[in-house]
Each structure stands twice: as structure tokens, then as C-alpha cells.
Amino acid sequence: MATDEIFDVSARKVHQWVCVALLAAGFVLGTPVGIWLVALIGVVMLAGRFWWPADIFRQVTWRVLEPAGIVRRREVQEDHDTRRVARVLGGIILLAAAALLAAGLGIGWVLSAAIGIMIALDAAFNFCVLCFLTYQVARLQTQQ
């Protein structure tokens, strides 16, 4: 059941832009550095979803950037249920992409780029691809 809770959107945005920047850096740097960056983001997304201290990007926001006044805290009421699922799926896909890259399979970059684009869409436009797809499926089910 979806609930609207209060969330620090600034921390999410910093997290998302850091993920996008590191994925882009990984692509530019190539292997082996890129593999480690893709894996790092996968771990941060996945572990950070279940244990907040593991989300080092949000921790930096809360402990350094916001207190220093570099980033202003912005709390809004949102439904995060689908975003949480997207974060877990994204983390799993990025870890799989890192494994594929380590095995020498370029499809890992395609998967990393797809996740990076989805993260960038949410960061820039608050457009959660999984949220959109979930809404469309629910809408189609109610029309039947």
C-alpha cells in the first residue's frame, strides 16, 4: 500500500546525480575502472536501500553538504514505494552489468546506460520510469 511520507528530495537528487556522473565516468574510463564504478553504484543503490548508512552519497549530503549550506534541504511529501523497488532493481541490474563487463561482455554497458538514463530522468525531471509503467499497467487493468 502506497503511503505519502516526508522525504529529503535534495539528498535523493544528489544521490542520483552522483550515480549518473560515476556511470558516465565509468563509461569514459572503460575497463577495469568502469567495472568497479558500475559495481560501486550497484552496491550503494542496493545496500543503501535497506541500510541507510550504506548510501554514502546521501550520507555526504546529510553530514557535509547540507550542514555547510552547499545544498539546501528540501522536504516534500511523496509516495516512495515504487521508487524503492526501482532502486533495488537498478542496483541488481548494475551489479549484473558489472559482472557482464568483467566477463568481457559489452552488453553490460548497455544495461548501465539504460539505468543511468532512468536515474537522470528522475533527477532532472522527477520522472520515475518504473512509477510511470506501474501507473500505466494499473490504468489498463481498471479499464478491463
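Position 1 is the first residue of the sequence; numbering continues from there.
Under a hydrophobic-cluster definition in which Ile, Leu, Val, Met, Phe, Trp and Tyr are linked whenever side-chain heavy atoms come within less than 4.5 Å, directly or via other members, F132 and L121 are assigned to the same cluster. No continuous path of hydrophobic side-chain contacts links I93 to V85 [ILVMFWY only; heavy atoms under 4.5 Å]. Residues F27 and L95 do not share a hydrophobic cluster, clusters being chains of Ile/Leu/Val/Met/Phe/Trp/Tyr side chains in contact below 4.5 Å. Under a hydrophobic clustering in which Ile, Leu, Val, Met, Phe, Trp and Tyr are joined whenever their side-chain heavy atoms come within less than 4.5 Å, directly or via other members, I107 and I41 fall into the same cluster. Linking ILVMFWY side-chain heavy atoms closer than 4.5 Å, directly or via other members, places V44 and W62 in two distinct hydrophobic clusters.
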Item checked: Chi angles and distances behind the side chain to side chain contact (heavy atoms under 4.5 Å, CB included) call for I6, V76 -> CA-CA 5 Å; I6 301 294; V76 297; over 6 Å; no

Check: Under the side chain to side chain contact (heavy atoms under 4.5 Å, CB included) criterion, do H80 and F7 qualify, and how do the steps go?
Finding: CA-CA 9 Å; H80 271 222; F7 294 95; 3.5 Å; yes

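With Q59 contributing its side chain and W52 its backbone, the two residues share a donor-acceptor pair below 3.5 Å. The backbone N or O of M45 lies less than 3.5 Å from a partner atom in the side chain of R87, making a donor-acceptor pair. S10 contributes a side-chain N or O that, together with a main-chain N or O of R74, makes up a donor-acceptor pair within less than 3.5 Å.
Separation of atoms CG (D81) and OG1 (T134) is listed at 10.5 Å; rounding is to 0.5 Å. Separating the CG atom in L23 from the CD1 atom in I115 is a distance of 9.0 Å, to the nearest 0.5 Å. One finds the CG atom of L101 at 11.0 Å from the CG atom of L37 (value rounded to the nearest 0.5 Å). Atom CG of residue L22 and atom CG of residue L94 lie 11.0 Å apart, to the nearest 0.5 angstrom. We find the CD1-CG distance between I35 and L29 to be 12.0 Å, quoted to the nearest 0.5 Å.
At least one side-chain heavy atom of H15 sits under 4.5 Å from a side-chain heavy atom of D55.
With T61 as the fixed residue, the side chain to side chain contact (heavy atoms under 4.5 Å, CB included) test singles out one of V18, V14, I70: V14. Checking each of R73, R58, K13, R72 against E66 for a salt bridge (charged side-chain N to carboxylate O under 4.0 Å, His left out) leaves exactly one that passes, namely R73.
The nearest pair of heavy atoms linking V129 to M118 is CG2-CG, 3.7 Å. Across L111 and A97, no two heavy atoms sit closer than the pair CB-CB, 4.0 Å.
Within the structure, no pair that satisfies the side chain to side chain donor-acceptor pair (under 3.5 Å) test touches residues 95-119, not counting sequence neighbours. Screening residues 16-33 for side chain to side chain donor-acceptor pair (under 3.5 Å) gives Q16-D122 as the qualifying pairs, with residues at least two apart or on separate chains.
Under a 4.0 Å N-O distance rule, the pair R84/E5 qualifies as a salt bridge.
Atom CZ of F50 sits in a crowded spot, with more than 12 heavy atoms from other residues, nucleotides or ligands closer than 6.0 Å.
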